[in-house]
There are 4 protein chains.
Amino acid sequence: MTDPGTDKREAILDTALVLFTERGFFGTPTSMISKEAGVATGTLFFYFRTKEDLIDTLYRRVKSEAAQALCRGMESETGTKAKIRRLGFNAVEWGIRYPAKMKFMEQFAHSPFVSTTAHEEGMSHFLFLQDLVKEGILKGEIRDLDPLLLFCMLASSLSGLVDRVSLTDDLTEREELIVQGLDIVWHGLSVHPQTELTHAGSTTKKKRCHDYE
Amino acid sequence: MTDPGTDKREAILDTALVLFTERGFFGTPTSMISKEAGVATGTLFFYFRTKEDLIDTLYRRVKSEAAQALCRGMESETGTKAKIRRLGFNAVEWGIRYPAKMKFMEQFAHSPFVSTTAHEEGMSHFLFLQDLVKEGILKGEIRDLDPLLLFCMLASSLSGLVDRVSLTDDLTEREELIVQGLDIVWHGLSVHPQTELTHAGSTTKKKRCHDYE
Amino acid sequence: MTDPGTDKREAILDTALVLFTERGFFGTPTSMISKEAGVATGTLFFYFRTKEDLIDTLYRRVKSEAAQALCRGMESETGTKAKIRRLGFNAVEWGIRYPAKMKFMEQFAHSPFVSTTAHEEGMSHFLFLQDLVKEGILKGEIRDLDPLLLFCMLASSLSGLVDRVSLTDDLTEREELIVQGLDIVWHGLSVHPQTELTHAGSTTKKKRCHDYE
Amino acid sequence: MTDPGTDKREAILDTALVLFTERGFFGTPTSMISKEAGVATGTLFFYFRTKEDLIDTLYRRVKSEAAQALCRGMESETGTKAKIRRLGFNAVEWGIRYPAKMKFMEQFAHSPFVSTTAHEEGMSHFLFLQDLVKEGILKGEIRDLDPLLLFCMLASSLSGLVDRVSLTDDLTEREELIVQGLDIVWHGLSVHPQTELTHAGSTTKKKRCHDYE
DNA sequence: GATGAATGAGGCTTCATTCAT
DNA sequence: GATGAATGAAGCCTCATTCAT
């Protein structure tokens, strides 16, 4: 059913992702990757010219996948607030569901082992976020500050939110934290933070969700 | 004046800090450290039992130094807002002034090469931030949300701010960005964000600064 | 026209010859040979059991070809002097025309990668040279010295001559050098070197050539 | 007595020389060299940056040593004939005494593993031979042919002579062959080959030697 | 006949660490 | 305290060869 020629390549990529995040780039011998992936040492170097080529490919793939996850359902949202909320939910959901990929992105975001071109390509997937910010400013919904600053703080805040949410396994608590976190984010960025969430501490999820709409 | 026997130790630590941030832990051979520091290979292992011992020592030192920098002038501030503002300024200033140390902290914050005890010791220096948040909540100045969430988002936001500020060399622009960034942070966390900055895009720095006081 | 099944075999042999001389035996991966020859990796091992089998086949072929080139027109020459002159011209001409093959022979003449049997077979093609020397001795035209010594010095001298001639691209100069070189050789070997070339530096080719006849 | 720090370096060089000539450059793993030399793998790379650095060093050393051996006693000889005779004896003697070094020079004379600068440096040691040839031409003792040609053929002839002499272990036969070979060389190069050796086949060594003087 | 993905032993080199001086 | 030659385990990568298609 699956392309047999691609199976090993995929196995290597999957294994490498986990090992790299657990042990770092230099901490993970290629021999360990191939052994864990169930292939021969040579096979790894058949699909990837070098160890760096492997991490580069991995980086591009994860970045692109993350960007796509962030966009999910975005087009059906209308206002900037709704879009940011959707973005935040997507981000947190993805970060929680794929902790290894999340960690991988954080760890290698500024890594010298990832080539400059891969870094740039990875960054390009997220340009739509800057557009989102700029659009919000034009619409008068987001404060008229440096767009790049808004983008940086939006991104880092979401990352901090994922960190916090990851600390608990309770789904209800998670939901609660996400709502709180996104509210903080929106308060920080928006022009009219008066329309803030007032029942942050409540447990009636449904209701809170309406506040966003 | 200085203990001559400690000079070499210091030289090793200073050199290692720079090299580790530039090239990573595994990317920096101990031989390179000793050569750059102007000592023999054996000397490094006289002062530090292993390479990991060296990075551990470095980590403790930088973390402690960073924490101290964050606190500077904190005791003279009264309100929570003022304290957070002071904290933000301190953070950005330190991050800009010691980019190597900043990068070191980011890079090794979750590194497996730093021992667990060193990580814990490093973390303990920043507990006062959580106290600050809790105190703000009690005083009704910070929103009554999960304190750990507030802490995480405060920390990550400041980190994002430093990232953005580091992208420019223009001192005036930096000042502007810091003011904007801290304003966003405060808006996100505070109970009454109505007292917001309204002329963010203006060039009248002085005035904006007064808004904070 | 040509057997399509043999085309690939020939392509492999041709490519291998060039690559082996350019890069040596160990410096030339079989994968490089097959790629340059435009065939798959497996194909090479269909025609040649091992890499050593390939070089063995190559060695036999080149040696045999070289021997044949040396003999060209030999039967029509009568005296020993004329035969040696013809031999010399043939040798230099072949060495100049097929530098890759020449280099190949020099390089693998004592190589352990070529099997002993191939070496012996290759050597056998040149036994006629020893016969030539012995015949010359019997006829009183070549000095009565150790025949094997005469053979060794004849061969090495011709090799040195090719080396020198290869250094220039000018055809006239080449011709001149060949004549001079063969004269030196003949002076060294012959019983009556009194009939020597006297106008070595002149440019009147034709005349000098007559001296040989 | 001997410098202990240089012992290992020398052991590596000596071992490498033998192994390289026996098995070729690529056929000799560095691990084999270090094991045979009785040092650790790392030690080889402490003294030589790379495997190529090792062969380069070896090449320079052997070439320089060979050149020096060729010159031995040269200054006390007066005529060109005597000098060439001395040269020939020196060459053969050295080639016989150090067959590994001889083979090394032959094998790597055109090797791509030896750097261009090492090749040039090696060649420079033998420039005096060209001067010798030119001087002989000026004195009217050597034929007025292309000096570079004379040099090439002198060198290759001596090499062929060593090859032949190496085939026997009998000292008397060797002496005989050397005398014969040098006579052939001199006949080839000299202006007046009439003064040739006439008793080449005789066994009275002493006498033959006088013929040269 | 022909292909090329897959194998795994083995090569070159690095580097943390030791220890005699 | 300080040195640096010496060690050898381990890492990245190559490549001759096989085999299912």
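The figures that follow rest on heavy atoms only: side chains count, while hydrogens, waters and symmetry mates do not. Lettering of chains follows the sequences in order, A, B, ..., and the numbering in each one begins at 1.
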Might you work through the side-chain contact (heavy atoms from CB on, under 4.5 Å) test for A/Ile12 and A/Ile33, ending with a clear yes or no?
CA-CA 7 Å; A/Ile12 291 167; A/Ile33 298 173; 4.2 Å; yes

Indicate whether OP1 or OP2 belonging to F/dT7 is found under 4.0 Å from a side-chain N or O atom of D/Lys8.
yes

Does B/Glu65 come within less than 4.0 Å of B/Lys101, counting only side-chain N to carboxylate O?
yes

Inspect the contact between C/Arg61 and C/Glu10 and indicate whether a charged nitrogen and a carboxylate oxygen are less than 4.0 angstrom apart.
yes

Interatomic distance where [atom1] belongs to [X] and [atom2] belongs to [N] [whole Å]:
X	N	atom1	atom2	result
D/Arg23	E/dG10	CZ	C1'	13 Å
C/Glu36	F/dC15	CD	P	14 Å
C/Ile55	F/dA16	CD1	C1'	14 Å
A/Arg9	E/dG4	CZ	P	18 Å
B/Ile12	F/dG1	CD1	P	12 Å
D/Phe48	F/dA5	CZ	P	13 Å
A/Lys35	E/dG8	NZ	C1'	13 Å

Heavy atoms from other residues, nucleotides or ligands near CE of D/Met123 exceed 12 (cutoff 6.0 Å)
no

Closest to the 5' end of DNA chain E, once A/Gly38 and C/Ala40 are matched to their nearest nucleotides, is C/Ala40

Is there a side-chain contact (heavy atoms from CB on, under 4.5 Å) between A/Arg60 and A/Thr117 once you walk through the steps?
CA-CA 10 Å; A/Arg60 280 178 223 264; A/Thr117 62; 3.6 Å; yes

Please check: side-chain N/O of A/His125 versus main-chain N/O of A/Lys63, any donor-acceptor pairing under 3.5 Å?
no

Looking at C/Thr28, is its backbone amide N or carbonyl O close enough to the side chain of C/Lys51 to form a donor-acceptor pair, meaning the two atoms are under 3.5 Å apart?
yes

Minimal heavy-atom distance between D/Ser159 and D/Met102, with the atoms involved, is CA-CE, 4.4 Å

Letter per nucleotide, 5' to 3', of nucleotides 12-21 of chain E [B base touched, S only sugar-phosphate touched, - untouched; heavy atoms, 4.0 Å]:
SBBSBBB---

Consecutive Watson-Crick or G-U pairs in runs of at least 3, all under 3.5 Å, in which DNA chain E is involved:
E:2-21 with F:2-21

From the options F/dT7, E/dT3, E/dA5, select the nucleotide whose nearest atom is closest to the side chain of A/Phe46.
E/dA5

Would you check if B/Tyr59 and B/Met105 make a side-chain contact, meaning some heavy-atom pair closer than 4.5 Å?
no

